[in-house]
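Start at 1 with the first residue, then count along the sequence. Just so it is clear, the values below take in all heavy atoms, side chains as well, and ignore hydrogens, waters and symmetry mates.
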Amino acid sequence: MTVDGARERQVRTGGVELCVAELGDPAHPTVILVHGYPDSKEVWSAVAARLAGRFHVVLYDVRGHGRSTAPRPLRGGFTLEKLTDDFLAVADAVSPDRPVHLVGHDWGSVQAWEFVTVARAEGRIASFTSMSGPSLDHMGHWAKGRLKRPTPRAVAQLLGQGRRSWYVYALHTPVLPELAWRGPLGRRWPKLLARREKVSGDGYPTASLPSDAANGAWLYRDNVRSRLRRPRTDAYAHAPVQLITPLGDAFLSERLNDGLEQWAPGLVRRTLDARHWLPRTRPDQVAAWIGEFVTTTEAGRLPATPTGRYAQRFGGRLVLVTGAGSGIGRATALAFAESGARVVAVDRDAEAAARTAELARLLGAPETWAEPVDVTEEQAMEKLAEKVATEYGVVDVLVNNAGIGLSGSFFDTTPEDWKKVLDVNLWGVIHGCRLFGKQMAERGQGGHIVNIASAAAYLPSKALPAYSTSKAAVLMLSECLRAELAGQGIGVSAICPGFVNTNITTTARFTGVDAQEQARRQKRAARLYRLRNYPPEKVASAVLRAVVRNEAVSPVTPEARAGRLMSRVMPGALRALARMEPPL
C-alpha cells in the first residue's frame, strides 16, 4: 500500500532504507509529514492529497515501519539521535537547498520536537506543526516542576496524565507487546480504531501494522525513561511552532502544553473538538491550518493572532451565518471573525451582507465572503450550498439566524401571514440544516449547527401564536437533529434569546391593525427594546459558548432563563401569564 499518485524512492541512512513518497511540484515549499505509532506514512494520505496542489509534500515510513527497513538489532536502533539522522537524510534528499516545513503527529511529533530543538538541524526547518505528541524533554520538565511543588492541582494533573499513559508502561514490558501486536491486538486494531476513534477505511491501517507496532515498541523503550529522567535544558525551538491540540485526546492531557511558550516563543495554538487521530478524522481542518502556517512563514510572518475569547477553537474554521446583515446575525459573524474564523455572511440584503463581511475582515477574519440569498427560496439555498462547498469548503459551523417577527391574535393572522413567518423562521432553518448539515455529515469530520430560536419557543403568549409556533418548531427540530447527528460528531444547539435590542422590532408586523396603528406599535416595541438594552453581542457570545460546550439549549437574557425554568416547574403560571395583554 502506498499513497495514491505518489512518487517513491529509497533513502539510505544509518544502516536502514527509508521509503519516501512525494507529491506535488518540487519547486514549491516542501512539507514533510512524519507519522506516529503504530502508523505508517499512509496515515497522512488524506492530508497530503489536500496539500499537494500548493506544496511539495513528502511522507516517509519511519525506520522499522511500512516499507522502510528495520535496524538490527532493534534495541538501541530507535533513539531520537538516530531518528534525527533519518530526518536530515530525507530532508537533504528531497529539499537540499531550502529548509523544509515539518509536521508531526503522535510519535512523529515527539521526534519532530527533537529535530526542531537540536543544533544540528537548525536552518533545515522553516516551521513545525505539532499534533498529539509532546517533546519528551518538555514533558520531563513539566513533570519535575509539579513534583517540586506538589499542590493538589499539580498532583491531579500528574495522576491524570499517568492514567492516560497506561500504554507506555505496557510497551516497556519485554516480549508481551510484540506477541499482542502480532496476534490478537493486530487483528482487532482496525475495529478498535473505528469504534473508539471513528477511524476506518481508505487503505488504513495497512497490512504492515503488526510488524510496525512490534518494531515501534522500541521507540518507547529507547527514549521515554531516559529523557523523562534527564530532560535536556536547551530544548528551545529554532523555528516557528504551531500546536494543534485535539480536545478529546484519550492519551494526552491538554495540561501537558502549559507553559510551552517558554520553549517555543511565538507559539501559535489551535484546538479542535476531535480525538487523537486528527490526520484521519479531520484532514480538511488539519490541512487548512498547515497550509496557512506554511504560507505565512514563507512570507516571513506568523499568522495574525485573533483577539477573540475562543481564538484557539475557531481560528481558520469556516462559519456561515444567515441573516448576517444586522442584529444578532451580524454580531455573531463578527464574534466568529474576532476569533479568527473564516466567515460567510448571508443575507437577502446584498449591501448589508457585504458590510458585515467587510467589518469581519477588519476584525481579523482571514477570509470573508458576502452572499445575498433569501433563505426561504429552496433552489437559491441549494445553489448557495453548492457554491460554498466548491469555492470555500465544507462549513464547520452553521448559524441559522434569519428570522422575522409577527404579532397578533390567532384569528387576525391570515394564512399568508402564517406562510411568510414559517417560510423564514422555520423553512429557512430547515433548508440550512438539510443542505449544509448533509455536507458536514458526508464529510465525516464533525461540525456544529446553531439554530436561533427564541424564549418564545417555550413561553406561550396570545399575542405571538405564529411567531412562537415557528420558534417552538425550531427548538424541537434542533433537539431531534441533535439526536440524529450525535453519532457523527456534529453538535446542534438551539439559542433562545429573550428581549434583545435589534432591528427586528422595526421590521416586525402586527396583524389586524391599519398601517398607522402598525407604525405606532413598531415604534413602541422598538422603544421598549431599547429601554431593555440587551445587546446582540451578548447573544453572539452565547452562540460561541454553546458551540464550544456543545450545549443543547441556551436561554439568553435573564427573562429567557427564568422562563425556561418556569416552563419546567411552573407551567401553569406561564399559561396564566400568556393571557395578559401585551404592552403595545
### Query
Do N257 and L243 pass the side chain to side chain contact (heavy atoms under 4.5 Å, CB included) test, and can you show the C-alpha distance, the side-chain angles, and the key distance before you say yes or no?
CA-CA 9 Å; N257 299 318; L243 177 70; 3.5 Å; yes

### Message
If you apply the rule salt bridge (Lys or Arg N to Asp or Glu O under 4.0 Å), what do you find for R434 with E382, and how did you get there?
### Response
CA-CA 10 Å; R434 179 176 64 87; E382 289 177 348; 3.6 Å; yes

Using salt bridge (charged side-chain N to carboxylate O under 4.0 Å, His left out) as the criterion, list what pairs up with [X], not counting sequence neighbours.
X: K538; value: none
X: K420; value: none
X: R342; value: E367

What I want to check is whether the side chains of [X] and [Y] have a donor and an acceptor closer together than 3.5 Å.
X: D39; Y: W277; value: yes
X: Y534; Y: E559; value: no
X: S132; Y: D106; value: no

Spacing of [X] atom [atom1] and [Y] atom [atom2] [to the nearest 0.5 Å]:
X: D273; Y: T245; atom1: CG; atom2: OG1; answer: 12.5 Å
X: W289; Y: L272; atom1: CH2; atom2: CG; answer: 4.5 Å
X: E298; Y: F293; atom1: CD; atom2: CZ; answer: 11.5 Å
X: L481; Y: I449; atom1: CG; atom2: CD1; answer: 5.0 Å
X: S567; Y: L459; atom1: OG; atom2: CG; answer: 7.0 Å
X: I452; Y: K471; atom1: CD1; atom2: NZ; answer: 8.0 Å

Using atom types as modelled and distance alone, determine if a side-chain donor or acceptor of [X] lies under 3.5 Å from a backbone N or O of [Y].
X: S339; Y: A341; answer: no
X: N401; Y: T322; answer: yes
X: R545; Y: N550; answer: no
X: R280; Y: P283; answer: no
X: S45; Y: V3; answer: no
X: E371; Y: A345; answer: no
X: S470; Y: Y467; answer: yes
X: D284; Y: Q445; answer: no
X: D249; Y: L252; answer: yes
X: T368; Y: A360; answer: no

Is there a side-chain contact between [X] and [Y], using heavy atoms and a 4.5 Å cut-off?
X: R330; Y: L359; value: yes
X: H35; Y: L59; value: no
X: E338; Y: P306; value: no
X: V268; Y: V241; value: no
X: E197; Y: L192; value: no
X: N400; Y: C433; value: yes
X: V547; Y: Y310; value: no
X: N451; Y: V492; value: yes

Over 12 non-hydrogen atoms of neighbours within 6.0 angstrom of [atom1] in [X]:
X: W369; atom1: CH2; value: yes
X: E391; atom1: CD; value: yes
X: E351; atom1: CD; value: no

[X] with [Y]: basic N within carboxylate O range, under 4.0 Å:
X: E292; Y: R270; result: yes
X: E358; Y: R355; result: yes
X: R443; Y: D396; result: yes

Could you report the tightest heavy-atom contact between [X] and [Y], atom names first, then the distance?
X: V421; Y: A466; value: CG1-CB, 3.8 Å
X: A542; Y: S554; value: CB-OG, 4.2 Å
X: P246; Y: A274; value: CB-O, 3.4 Å
X: L23; Y: A48; value: CD1-CB, 4.4 Å
X: A402; Y: V375; value: CB-CG2, 3.9 Å
X: S493; Y: H448; value: OG-NE2, 2.8 Å

Listed partners of [X] passing side-chain contact (heavy atoms from CB on, under 4.5 Å), at least two apart:
X: L477; value: V429, I430
X: A552; value: E479, R482
X: Q312; value: R269, T271

#### Entry: Option from V553, V474, T557, V539 for which side-chain contact (heavy atoms from CB on, under 4.5 Å) with C496 holds
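So the option named by the test is V553.
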
### Query
Is there a side chain to side chain contact (heavy atoms under 4.5 Å, CB included) between V57 and L33 once you walk through the steps?
CA-CA 8 Å; V57 183; L33 308 172; 3.8 Å; yes

### Task
Just do the side chain to side chain contact (heavy atoms under 4.5 Å, CB included) check on T295 and F55 with the steps written out, would you?
CA-CA 10 Å; T295 300; F55 306 108; 3.8 Å; yes

### Task
Take V103 and F128 through the test side chain to side chain contact (heavy atoms under 4.5 Å, CB included) and record every step on the way to the result.
CA-CA 6 Å; V103 182; F128 168 44; over 6 Å; no

### Query
How are the rings of H105 and H276 set to each other: parallel, tilted or perpendicular (split at 30° and 60°)?
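Taking H276 first and then H105, their aromatic rings sit tilted (interplane angle of 30° to 60°).
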
### Query
Parallel, tilted or perpendicular for H431 and W427, by the 30°/60° rule?
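H431 vs W427 ring planes: tilted.
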
### Task
Apply side chain to side chain donor-acceptor pair (under 3.5 Å) to the pair T297 and H101, showing each step before the final yes or no.
CA-CA 9 Å; T297 303; H101 297 270; 5.1 Å; no

### Task
Measure from NZ or CZ of R564 to the centre of the six-membered ring of Y458 and say whether it is under 6.0 Å with the direction within 45° of the ring axis.
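Yes, a cation-pi geometry.
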
